[in-house]
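Since the structure comes first, as structure tokens, the remarks are kept for the end.
Because only heavy atoms are used, hydrogens play no part in the values below, and waters and symmetry mates are left out as well, while side chains stay in. Indexing begins at 1, ligand by ligand and atom by atom, following the structure's order.
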Amino acid sequence: MSLIQPIIEQIEKRDPNETEFHQAVQEVLYSLEKVIDAFPAVQFHKVVERMVEPERVVSFRVPWVDDNEDLQINRGFRVEMNSALGPYKGGLRLHASVNQSIMKFLAFEQVFKNSLTGLSLGGGKGGSDFNPKGKSDLEVMRFCQSFMTELYRHIGEHTDVPAGDIGVGAREIGFMFGQYKRITNQFTGVLTGKGLGWGGSLIRPEATGYGLIYFSSHMLETRGDTFEGKTCLVSGSGNVAQYTIEKLLELGAKVVTISDSSGFIYDAEGIDRAKLDFIMELKNVRRGRVAEYEQKYPQAVYTATRQNADHNPLWDIKADCAFPCATQNEINEKDAKNLMKNGIMLVAEGANMPTCEEGVKIFLDKGILYGPAKATNAGGVAVSGLEMAQNSSRMVWTRERVDTELQKIMKSIHGMCIEYSSQYSTEGNYVDGANIAGFIRVANAMLDQGYI
Ligand code: NDP
Ligand code: 2IT
């Protein structure tokens, strides 16, 4: 009898609308079935039952005033999922789609990801359904201050340390940090991704994208290959996408796409350094749309997103490697089939859970190099952990030191995926490898601490 199925049925029954959370849990639990069966005496399924229930969910009202002096109201969240390994740690997302299901799926993924880093980090996630698009700097500031006016009582350098995610970058972290400091009268490492002049770590902005490509290089190495000359698809154009492209260029790859929620750019000549600088200025300074790229570089082709389309044409472009770096479920079954039809050899996830369940199955069945988010995008939170270490010791590490640590961590995660997949599943099944390796460390800590 499956020990996993009743747990899945229970979460579906308890919160029937939380589809993203169910998706994230199911993927992990099907991997864990293999270890649960291997250690019947340990009762790992009892640990799993606890892990799918957040230690705490905070949901709160965020009132603020827009530039027209209209009163606005949003919903804020912090899901504190698991603290077995350390203070809750994970980003804050500001996006209109944010709801409890998305917060819980992200917090659940974060627990395993943070465990893989080998650092002392629990897992959590938070955010709000506030939509930053088209808002002035002052509106964003007022929102962030109001958000922190409630959040501050739930977080702290030893309790819960938030960071950025979609819609939260250096600007928002600055506004939130300032408000936390005003309320508590304390300058501590309560947030990561801070400005470099006031406690931020070098390489934190680059870390997720760089880490993704360090990990992917190790994947290629297992087949005696490198990025030199590879054609790559990247989706998104935010923090993760930008530094993914930067590292790919350094390693001699050719990147031909970027996207945002309005559409995507296909530049068959490749995005070079100057074009990447243009994208960074467009997205980070002017907060514009990728459609502008086509006006600046007319040889590129812009395709607008079609509502209710059954696939994303970005994933129908012929390439060797694909890096989804935008959002969850951006590769559906048809997209996965299109990638396979065009001979894709590597898919590595910068975004969290960007591939739907059927897509994951296709990549695994076909035996391509497929790197799941909780392993491949762990570089961001890993350097957040290093930022916390620097803050605690009141030290600032060099760029080289942080980058070397990041490379070591990504190599170690890759090694663990290989080791645990070969022990419990099929060598090179990075999904099982990451889920099982991440789980065992958390589970053992929970057992030591009294099945809590
Ligand atoms: P940013 O806000 O910097 O960029 C997000 C990008 O994704 C934008 O181009 C955005 O387009 C696009 N996007 C967002 N939502 C959608 C959507 N519903 N449909 C299509 N495109 C969308 O965020 P990040 O780069 O930080 O995050 C990207 C992904 O990486 C997320 O899944 C995040 O959880 C994950 N991640 C981030 C880490 C980090 O350190 N920042 C660490 C690990 C994972 P638009 O401008 O139109 O919204
Ligand atoms: O999904 C993620 O790992 C992040 N958004 C980064 C979290 C962090 O605490 O740096």
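Contact annotation: for Glu330 versus ligand 1, there are no heavy atoms closer than 4.0 Å. For Thr208, every heavy-atom contact with ligand 1 shorter than 4.0 Å involves the side chain, none the backbone. When non-hydrogen atoms are compared, ligand 1 lies under 4.0 Å from the backbone of Cys325 (N, CA, C, O) but not from its side chain. Contact annotation: for Lys133 versus ligand 1, heavy atoms closer than 4.0 Å belong to the side chain alone.
A donor-acceptor distance shorter than 3.5 angstrom exists from the side chain of Thr376 to the backbone of Glu349, with no hydrogens or angles considered. Side-chain N or O atoms of Asn391 include one that pairs as donor or acceptor with a backbone N or O of Gly199 at under 3.5 Å. Under a 3.5 Å cut-off, the side chain of Asn114 and the backbone N or O of Gly122 do form a donor-acceptor pair.
In this structure, Gln328 does not count as a contact residue of ligand 1, since none of its heavy atoms falls inside 4.0 Å of the ligand. In this structure, Ser237 counts as a contact residue of ligand 1, since one of its heavy atoms falls inside 4.0 Å of the ligand. Assignment of Met353 to the shell around ligand 1 is not supported, since no heavy atom sits closer than 4.0 Å.
For atom 3 (O) of ligand 1, the nearest protein heavy atom (residue, atom name, distance) is Asn239 N, 2.9 Å. Closest to atom 15 (N) of ligand 1 among all protein heavy atoms lies His95 NE2, 3.6 Å. Scanning all protein heavy atoms for the shortest distance to atom 31 (C) of ligand 1 gives Ala326 O, 3.4 Å. The protein atom (non-hydrogen) at minimum distance from atom 17 (C) of ligand 1 is Thr327 CG2, 3.4 Å.
When each of Asp67, Asp137, Asp70 is paired with Arg142, the salt bridge (charged side-chain N to carboxylate O under 4.0 Å, His left out) condition holds for Asp67 and for no other. For the ring pair (Phe, Tyr, Trp, His ring centres under 6.0 Å) with Phe147, the qualifying choice from Phe77, Tyr180, Phe60, Tyr152 is Phe60, the only one to do so. When each of Thr244, Val240, Thr257 is checked for a side-chain contact (heavy atoms from CB on, under 4.5 Å) with Phe323, only Thr244 meets the rule.
Relative to atom 6 (C) of ligand 1, the option among Pro354, Gly238, Gly169 with the closest non-hydrogen atom is Gly238. Nearest to atom 2 (O) of ligand 1 by heavy-atom distance, out of Ser259, Ala378, Ser262, Gly167, is Gly167. Relative to atom 27 (O) of ligand 1, the option among Thr376, Thr305, Ile102, Ile166 with the closest non-hydrogen atom is Ile166. The heavy atom nearest to atom 46 (O) of ligand 1, considering only Glu172, Arg289, Glu206, is found in Arg289.
For Asp15 and Lys104, the salt-bridge test passes: some basic side-chain N is under 4.0 Å from an acidic carboxylate O. Using a 4.0 Å cut-off between charged side-chain N and carboxylate O, Lys337 and Glu333 make a salt bridge.
Checked by distance only, ligand 1 and Arg204 come closer than 3.5 Å through their nitrogen or oxygen atoms. Some N or O of Val240 is nearer than 3.5 Å to an N or O of ligand 1, by distance alone. Residue Lys113 has no nitrogen or oxygen atom sitting less than 3.5 Å from a nitrogen or oxygen atom of ligand 1, judged on distance alone.
Of all atoms in ligand 1, numbered sequentially from 1 with element shown, those under 4.0 Å from a heavy atom of Arg93 are 31 (C), 32 (O), 33 (C), 34 (O). Of all atoms in ligand 1, numbered sequentially from 1 with element shown, those under 4.0 Å from a heavy atom of Gly236 are 9 (O). Atoms of ligand 1 found under 4.0 Å from any heavy atom of Gly350, numbered from 1 in the order shown, are 30 (O), 35 (C), 36 (N), 44 (C). The ligand atoms of ligand 1 that sit less than 4.0 angstrom from a heavy atom of Ala351 are 29 (C), 30 (O), 32 (O), 35 (C).
Side-chain rings of Tyr297 and Phe278 approach one another, their centers coming within less than 6.0 Å. Residues Trp198 and Phe187 keep their aromatic ring centres 6.0 Å or farther apart.
Ring-plane geometry between Tyr214 and Tyr210 is classed as perpendicular, the angle between the planes exceeding 60 degrees on a 0 to 90 degree scale with a lower cut at 30.
Contacts of ligand 2 (protein heavy-atom distance under 4.0 Å) are Lys89, Gly90, Gly91, Gln110, Lys113, Lys125, Ala163, Gly164, Asp165, Arg204, Asn352, Gly380, Val381, Ser384.
More than 12 heavy atoms of other residues, nucleotides or ligands sit less than 6.0 Å from atom CZ of Arg153. More than 12 heavy atoms of other residues, nucleotides or ligands lie within 6.0 Å of CZ in Arg286, so this atom counts as buried by the packing criterion.
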Next on the checklist: What verdict does the side chain to side chain donor-acceptor pair (under 3.5 Å) test give for Arg75 and Ser59, after you've listed the backbone C-alpha separation in whole Å, the side-chain angles of each residue and the deciding distance to 0.1 Å?
Outcome noted: CA-CA 7 Å; Arg75 183 172 284 178; Ser59 165; 4.5 Å; no

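By the side-chain contact (heavy atoms from CB on, under 4.5 Å) test, Glu27 pairs with Lys374, Val431, Asn435, sequence neighbours left out.
Distance check on atom 42 (C) of ligand 1: some protein heavy atom falls below the 4.0 Å cut-off.
Both cation-pi conditions hold for Lys135 and Phe130: the charged atom is under 6.0 angstrom from the six-membered ring centre and inside a 45 degree cone around its axis.
Across all their heavy atoms, Cys417 and Phe215 have their closest contact at SG-CZ, 4.2 Å.
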